[in-house]
Amino acid sequence: MNLEDARAHGPDRKPHPQLAEVKKVYQPMKIEAVNLDELQFRVINRFDFNNLDEYLLCYRLRPDVAHEKTVHPDQFLQYETDSLCGELSLSVASHDTLNFTLPQLKHFLETLDSLPPGRDVTLDFYLVSKKNPKDHIIAFEQFHLPVVRAHRQFIKHNPTVLLNDAQDSIAIVVFNGITLRFNTKQGIISSIEKNGKQILVEGPKLCFWRPPTDNDERDAHGELLWNRLGFNNLHFNLQNLLIKKIKSIETSSILCTWQVINDNQEKVCSIRQLYTIHESGDIYINNIINPETWVTCLPKIGMQMKVAKDLISTEWVGYGQETYPDRKSAGFVSHYECPTDDLFHHFIRPQAAGNRMKTRYVSLFNEQHQRMFSAQLVNDQCQFSIYPYTDENIERAQHENDLEEADFYTLNIDYRQSGLGTATCGPSTQEPYIIKAKPENFTMHLQIGENQYFDDLFVEKNCIDYFEYLVNTVPKTQKSNIQQIHWESEASAPYNERVNSILTDGQIGNPGNYYEGWVGFFGDTMTCTLQISPSKEKTRELALSFSHNPTQWVFLPQKVLLSYSKDGKKYSQAEEICLPINPTMKQHEQAKVYILRHPIPNKHIRFIKIQAQAVSKLPEWHSNPGEKSWIMIDEIKCK
């Protein structure tokens, strides 16, 4: 198997998802919409020599994708001949174009008058060989047509939701044959049953992490940066929980507020969640997320839950293929269904896989093909993935045989997803596909079972009135207590620009790219004196953030000394900060950012002298033993 073959297929010869993307991008014909209202199009022949006269351009109008017969995503381009609306013979020279219109379809669309909300009308094109029209589709395009939508009629429920008093930290909600247990200590749904059958094992929880892909590991805005932000191990601290009856809509709601911190005890974001439960089996979860100003980007934003293992079949409307924001050319909207186990792609080295974009809704079925659970985002399309493993297992596994099936499926309903990039062999994720940290507000709609309101999955329902106090302002940047920094040593080029502002701006440096927010010292001791603001607080703390990345010759300092002064003249005897690791030991060769914290012993102290001594020589196990090392620092805080 050559290298190109290995990239396209796994050892079992099953094509990798990106092969469909390559085929779509390389297809020899392209169709562009000149005027969708008038159904005017342009076909472009991308062949270098061939005319398109040996092919037929078939097309079909699909007035209601969501209610068509389901297909397996592997057969997304298959169609019945009698479903075609027509075909065109083309004569287009190489690298030439041809404009055409479909007036008969325009007349048909006009007869539709208006469509119920939620219906999609698509026009699909297929370029096929005249000799074997069903044998192979050479190229395809899909367009969503502009059709008048009927006015939405929002449905009002008159629920009779019974909310029992919380016992042993569990509040039980009983309605319409459904039993929902809510853990008031953890602030999450602990389980949902329908007629005695378990549907939801745990969750949903807000999730900002995905098991890193091969590209993420090498991307300057990927895993290294995400780990520094702490998204690989966040701690959700429940601050408040309120159960309240909203009389205007006669239903019970649960409000949770959270503070989210990372392993470095840094606050990453604040969250407010509002659960609203309807007798019909509808559950709405509104999420308001306010990231801290020092947080730069996120791997993803969504909700993750554990669903019962007997939900063996998955149905959805959206893209059938694995798609991501920067890899979706092959996405084809249709009505799909397949075994749940088919929706995770097994790469040789396990990683995030199986994401599907532009999803209107996703439903899960049991062995009797009863619809047990459905999910979507209100007023927005979502992305979803589902697999029989935990994220921790996928991330820990080095090979496919290291995967261990859990006794549940992990279901992700995502609002945003970072792009994949091409960092293993090309550029990092491009700017438009990086999730920049900013306040977010989205609502997930869950439906338990299938009932008279199931069609509402295609009709965006009037959601609940939120509590006024859910509105939150963007957190403000806290001013640094550091008034000035006086340097006795000079930073080394090229990491010597805007030194003082970089170290006190409250923004972290990117450990995947030291040009972004780092100050460097090559083979030298970093020595500086901080002048800090007076404080009434009895306890204060100094925090220093250093990178450790031996493959880049960057090491945590081998020694950090602090001395203090009230007047800037007479300093105390130097104290040594306790280091979390011995930086020269081989077992610590993995890249990481360490935050060194040390208490300031006296509230009257106004000056702090810092000496960070570089590792004098790269250790024997390094690829360049004996050479000088770098110190990289990105932030100094006094709080």
Side-chain angles (χ1 to χ4, degrees), residues 62 64-80 83 116 118-120 175-180 189 191-204 278-283 304-322 332-345 354-356 358-377 382-389 405-413 444-459 461:
R62 303 163 70 194
D64 187 6
V65 173
H67 291 88
E68 289 181 350
K69 182 180 178 182
T70 59
V71 297
H72 192 286
D74 289 349
Q75 282 82 47
F76 74 100
L77 287 181
Q78 291 187 4
Y79 59 87
E80 300 296 331
S83 70
R119 280 195 181 180
D120 284 329
F175 56 102
N176 197 30
I178 298 169
T179 301
L180 181 151
I189 296 173
S191 69
I192 297 178
E193 296 178 357
K194 171 75 171 179
N195 297 328
K197 295 182 179 179
Q198 189 171 39
I199 297 173
L200 199 67
V201 179
E202 184 183 270
H278 292 275
E279 181 194 22
S280 60
D282 296 293
I283 302 169
Q304 186 177 88
M305 62 208 84
K306 301 174 182 177
V307 297
K309 198 63 178 289
D310 59 357
L311 302 180
I312 60 172
S313 181
T314 302
E315 175 222 3
W316 72 99
V317 171
Y319 285 160
Q321 303 69 45
E322 179 185 279
F332 192 84
V333 173
S334 194
H335 189 192
Y336 298 102
E337 185 174 359
C338 70
T340 303
D341 287 332
D342 287 0
L343 293 175
F344 181 78
H345 185 77
N355 187 66
R356 283 164 169 82
K358 212 167 184 177
T359 300
R360 185 193 300 167
Y361 77 92
V362 57
S363 293
L364 304 178
F365 293 77
N366 61 15
E367 294 180 355
Q368 291 74 41
H369 205 257
Q370 297 172 317
R371 191 187 308 270
M372 303 299 291
F373 181 84
S374 303
Q376 65 167 179
L377 295 184
C382 68
Q383 309 171 46
F384 88 95
S385 58
I386 186 169
Y387 35 83
Y389 315 105
E405 286 203 11
D407 54 0
F408 53 81
Y409 285 108
T410 298
L411 172 64
N412 297 286
I413 303 296
M444 188 173 71
H445 170 200
L446 305 179
Q447 190 172 66
I448 309 304
E450 182 169 2
N451 52 52
Q452 59 181 321
Y453 300 112
F454 177 70
D455 283 343
D456 298 341
L457 279 174
F458 310 109
V459 181
K461 230 182 301 185

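As a basis for the values below, the full set of heavy atoms in this structure was taken, side chains included, without hydrogen atoms, waters or symmetry mates.
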Do you know the tightest heavy-atom contact between [X] and [Y]?
X	Y	answer
Gly318	Tyr336	O-CE1, 3.1 Å
Glu337	Ser313	OE2-OG, 2.9 Å
Val71	Ser334	CG2-OG, 4.3 Å
Asn366	Lys197	ND2-NZ, 4.3 Å
Trp316	Pro73	CH2-CG, 3.8 Å

Keeping the roles fixed (side chain from [X], backbone from [Y]), state whether a donor-acceptor pair exists under 3.5 Å.
X	Y	answer
Gln304	Thr410	no
Arg356	Gly320	yes
Lys309	Pro388	no

Check: [Y] and [X] side chains under 4.5 Å, non-hydrogen atoms:
X	Y	value
Phe365	Leu311	no
Ile413	Pro204	no
Phe373	Met305	yes
Ile283	Leu180	yes
Asp342	His72	yes
Val201	Tyr409	no
Ile386	Leu364	yes

When rounded to the nearest 0.5 angstrom, what is the spacing between [atom1] in [X] and [atom2] in [Y]?
X	Y	atom1	atom2	value
Glu193	Ile178	CD	CD1	11.0 Å
Phe384	Tyr319	CZ	OH	14.0 Å
Gln383	Lys358	CD	NZ	12.0 Å
Gln447	Ser363	CD	OG	8.0 Å
Ile189	Lys306	CD1	NZ	14.0 Å
Lys194	Ile199	NZ	CD1	7.5 Å

Who pairs with Thr340 by side-chain hydrogen bond (donor to acceptor under 3.5 Å, both in side chains), at least two apart in sequence or on another chain? Thr314
With sequence neighbours excluded, residues passing side-chain hydrogen bond (donor to acceptor under 3.5 Å, both in side chains) with Tyr387: Asp391, Asn412
Any luck finding a side-chain donor-acceptor pair between Ser191 and Gln198 under 3.5 Å? no
For a side-chain hydrogen bond (donor to acceptor under 3.5 Å, both in side chains) with His335, tell me which candidate from Glu68, Glu315, His67 qualifies. Glu315
